[in-house]
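One structure below.
Excluded from the calculations below are hydrogen atoms, water molecules and symmetry mates; all remaining heavy atoms, backbone and side chain alike, are included.
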Amino acid sequence: CDANPSVEVALRAAHALSKPLVCLAVLEDSFPACMRGRAPTDRATAFRLEALRELGPAFAARGASLLVHVERDGFRHAAAMALAAKACVIVQDEHFGVEPHASAAARVAKTGAPVWLVDTACTVPSRTCGSSALVGGNAGFLRATAAARKRVLAAPD
């Protein structure tokens with residue numbers, strides 16, 4: 001919770017608006033279409049659930065509620081849409097057009113609440129990168145930004 005740029009933006013927005021912060025963690029029971037034929041293992045899901053349980057008190061200490069939703073067929077978007085319909089603002093990690101995250105942002109935007117996308121690539125902000133950084137997932141981003149990351153990380157404070 002402390003080192004998550006999206007959560008920090010959401011906490012500041014909630015404070016500025018004098019509204020409670022409700023965070024939604026979504027666990028998926030399947031992978032995106034590009035990874036068809038694979039699914040998260042029970043062990044991986046249990047690990048994520050345990051981590052979220054441990055994060056709950058950290059969110060509460062910062063004045064936020066942490067809700068967890070496990071997506072299943074027929075209930076893929078229910079929790080996100082229900083919360084978005086009541087939200088003053090929705091804060092999400094920047095998706096850079098990657099599915100299924102881009103569709104999720106577009107879907108919640110239909111509720112009328114503003115959607116703020118937070119660039120969490122903090123070493124090299126994605127807005128400074130060319131389109132090649134948006135191809136190939138994280139590995140593609142790391143390849144495309146290798147020189148810039150090296151410069152930033154080598155620079156004295």
The criterion is side-chain contact (heavy atoms from CB on, under 4.5 Å); which residues satisfy it with [X], sequence neighbours excluded?
X    : value
L24  : V26, L67, H69, A79, A80, L83
A102 : H95, E99
P114 : V89, W116
A106 : none

task: Taking the side chain as every heavy atom from C-beta outward, state whether R62 and L11 have any pair of such atoms under 4.5 Å apart.
output: yes
query: Under a 4.5 Å cut-off applied to non-hydrogen side-chain atoms, are F59 and S65 in contact?
result: no
query: What pairs with E94 under side chain to side chain donor-acceptor pair (under 3.5 Å), at least two apart in sequence or on another chain?
result: R127
- line: side chain to side chain donor-acceptor pair (under 3.5 Å) filter on R12, not counting sequence neighbours, yields none
Of all heavy-atom pairs between [X] and [Y], which one has the smallest distance, and what is that distance?
X   : Y    : result
L21 : A14  : CB-CB, 3.9 Å
A84 : A113 : O-CB, 4.0 Å
K19 : C88  : CE-SG, 3.8 Å

- line: Distance col, row D93:CG vs S6:OG, nearest 0.5 angstrom, shows 3.5 Å
task: Quick one: pull up OG1 in T45 and CZ in R43 and give me the separation to the nearest 0.5 Å.
output: 12.0 Å
- prompt: side-chain hydrogen bond (donor to acceptor under 3.5 Å, both in side chains): which pairs involve residues 49-59, sequence neighbours left out?
  reply: none
message: Determine whether L52 and L27 satisfy the following criterion, side chain to side chain contact (heavy atoms under 4.5 Å, CB included), listing intermediate values before the conclusion.
response: CA-CA 10 Å; L52 289 166; L27 294 176; 4.3 Å; yes
task: Determine whether V9 and L17 fall in the same hydrophobic cluster, where Ile, Leu, Val, Met, Phe, Trp and Tyr are linked whenever their side-chain heavy atoms lie under 4.5 Å apart.
output: yes
- request: Could you list who else is in L117's hydrophobic cluster, with ILVMFWY side chains joined at under 4.5 Å, directly or through other members?
  value: M81, I90, V108, V115
Expected list for residues 145-156: side-chain donor-acceptor pairs under 3.5 angstrom, two or more places apart:
| from | atom 1 | to | atom 2 | distance (Å) |
| --- | --- | --- | --- | --- |
| T145 | OG1 | F141 | O | 2.7 |
| T145 | OG1 | R149 | NE | 3.2 |
| R149 | NH2 | L142 | O | 2.7 |

